[in-house]
Structure formats: structure tokens, C-alpha cells
Amino acid sequence: VRRRLGYLPDNNPLYFDMTVAEYLSLVAEVRRVPRADKARLTARAVEGCALGPVRGRIIGQLSKGYRQRVGLAGALLHDPEVLILDEPTVGLDPTQIIEIRELIRAFGSEKAVLLSSHILTEVEATATRSGARATQATAPWPNFGKERKRRTPDRTASPSRRHSLSATLPRGRPLRR
């Protein structure tokens, strides 16, 4: 499963004291990319995420947009079939948001991309297909603060928020979470 998935969390765990090239080399080792493919896949990730001009720079000195690109390149480095992106544009300026959206669309033509965001306009602007189901439970004490009488919590209520994502992998098998 790990070989088939690429994941970019919203908090993008990067090593700020490494250069972009060093970080991608580390990711390739952790992902067990074969040595014969390492240079080719690293070059493809650098080119795909437009990191060429900053390849030798220290990650901590990069803008938030470039750091997001480095994280995206790390998620793509081992050439996964499915790419999961959690809030990929949070904290970016409008120009960087547009650039990241274009990258995501480009990768979506080759891979299944699952995009998680609480900003529905972001999903609509990026995705070619979108579908999400969110359910919100009623509060266990619906009149809390309005009346002094304490009510017994409703044990059948679902958690306060529940999200369900589903997508179809390239081979037609459903992926559910």
C-alpha cells in the first residue's frame, strides 16, 4: 500500500536545515526507490514541481509556496498511483494557490488525486470530480445554555463531525476511508 500512495499532510513535515536536493535524496532512501531509478524519479519530481531554480537552496530559506512544492515533490518521488493531499493550499498567497492548483491538475491527469479541504471553493476550483459526505450530529445537549435543567446525552448521536472520502483508482477498484 505504501508504494501505491503518496501523501502530503497539511503541516508538511520538512527538514528546514537541508537543501531541496538533500531532502529529496532522503525521501528516496526512505521510500526505498531503487538506485537505478533514483536520479530519474528525482529529476521528474523536481521538474514536475518546478523546483529547478531552488534545488540547491536550504528549505528553511524558501517561501511557503516553494516549501509546499518540496513536500509535493517528496510525495510524488516514488511515482505513486494515488496522491492524497490534505489542505495543500492553506497559508499560501493567491499567486501560489494558483500555481499549486495547476500542479495538482497536471498530476491528476496521470494519477488518482484525493484532495481534502474544508474550503469547498478550493475543491471546486481544483478537482475535475468531487464528492464528499459530511454529517454533523445534533449536540448531546441541544438546549445547553438556554435552560438550567441538565439533559442526558443522546448516546445514538454520531460524532460531531464525520467525513467520508471515496474515489476510484485507475484500475477501477474503490478506495474508501
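- Here the side chains of Val54 and Val70 are not in contact, with every heavy-atom distance at 4.5 Å or above.
- Ile59 and Leu72 fall into different hydrophobic clusters, where Ile, Leu, Val, Met, Phe, Trp and Tyr side chains are chained together by heavy-atom contacts under 4.5 Å.
- In plain terms, the two heavy atoms of Gly74 and Leu24 that are nearest each other are N-CD2, 3.8 Å.
- Leu14 and Val27 fall within the same hydrophobic cluster, defined by Ile, Leu, Val, Met, Phe, Trp and Tyr side-chain heavy atoms under 4.5 Å apart, directly or through other members.
- Here Asp79 pairs with Lys111 in a salt bridge; the nearest charged N to carboxylate O distance falls below 4.0 Å.
- With sequence neighbours excluded, the residues satisfying side-chain contact (heavy atoms from CB on, under 4.5 Å) with Tyr15 are Asp17, Met18, Tyr23, Leu26.
- Tyr66 places a side-chain heavy atom less than 4.5 Å from the side chain of Leu51.
- For Glu87, the salt bridge (Lys or Arg N to Asp or Glu O under 4.0 Å) criterion is met by no residue, not counting sequence neighbours.
- For the pair Lys38 and Glu29, the minimum side-chain heavy-atom distance is below 4.5 Å.
- At least one side-chain heavy atom of Ile100 sits under 4.5 Å from a side-chain heavy atom of Arg69.
- Considering every non-hydrogen atom in both Val46 and Gly52, the closest pair reads CG1-N, 3.6 Å.
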Should Leu103 and Glu99 be marked as a side-chain contact (heavy atoms from CB on, under 4.5 Å) after you check the CA-CA gap, both sets of side-chain angles, and the distance that decides it? CA-CA 6 Å; Leu103 286 174; Glu99 292 170 353; 5.8 Å; no
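- The minimum heavy-atom distance linking Phe107 with Gly48 is given by the pair CZ-O, 3.8 Å.
- The line from OG1 of Thr19 to CG of Leu62 is 10.0 Å long, rounded to the nearest 0.5 Å.
- Taking every heavy atom of both residues into account, Ala73 and Ala45 meet most closely at O-CB, 3.8 Å.
- Nearest approach of Gly71 to Asn12, heavy atoms of both residues: CA-OD1, 3.4 Å.
- Atom CD of Gln61 is separated from atom CZ of Arg67 by 11.0 Å, given to the nearest 0.5 angstrom.
- Considering every non-hydrogen atom in both Ala28 and Leu77, the closest pair reads N-CD2, 3.3 Å.
- If you chain together hydrophobic residues whose side chains sit under 4.5 Å apart, Leu83 and Leu92 fall into the same group.
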task: Go through the steps to decide whether Gln68 and Leu8 satisfy the test side-chain contact (heavy atoms from CB on, under 4.5 Å), and finish with yes or no.
output: CA-CA 9 Å; Gln68 199 71 352; Leu8 178 65; 3.9 Å; yes
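- Arg4 has its side chain out of reach of Val82: every pair of non-hydrogen atoms, C-beta onward, lies at least 4.5 Å apart.
- Counting heavy atoms from C-beta outward, Ile98 and Glu102 have side chains that approach closer than 4.5 Å.
- Within a 6.0 Å sphere centred on CZ of Arg3, heavy atoms belonging to other residues, nucleotides or ligands number 12 at most.
- Without hydrogens or angle criteria, Thr42 side chain to Ala39 main chain gives no donor-acceptor distance under 3.5 Å.
- The shortest distance between side-chain heavy atoms of Leu115 and Pro88 falls below 4.5 Å.
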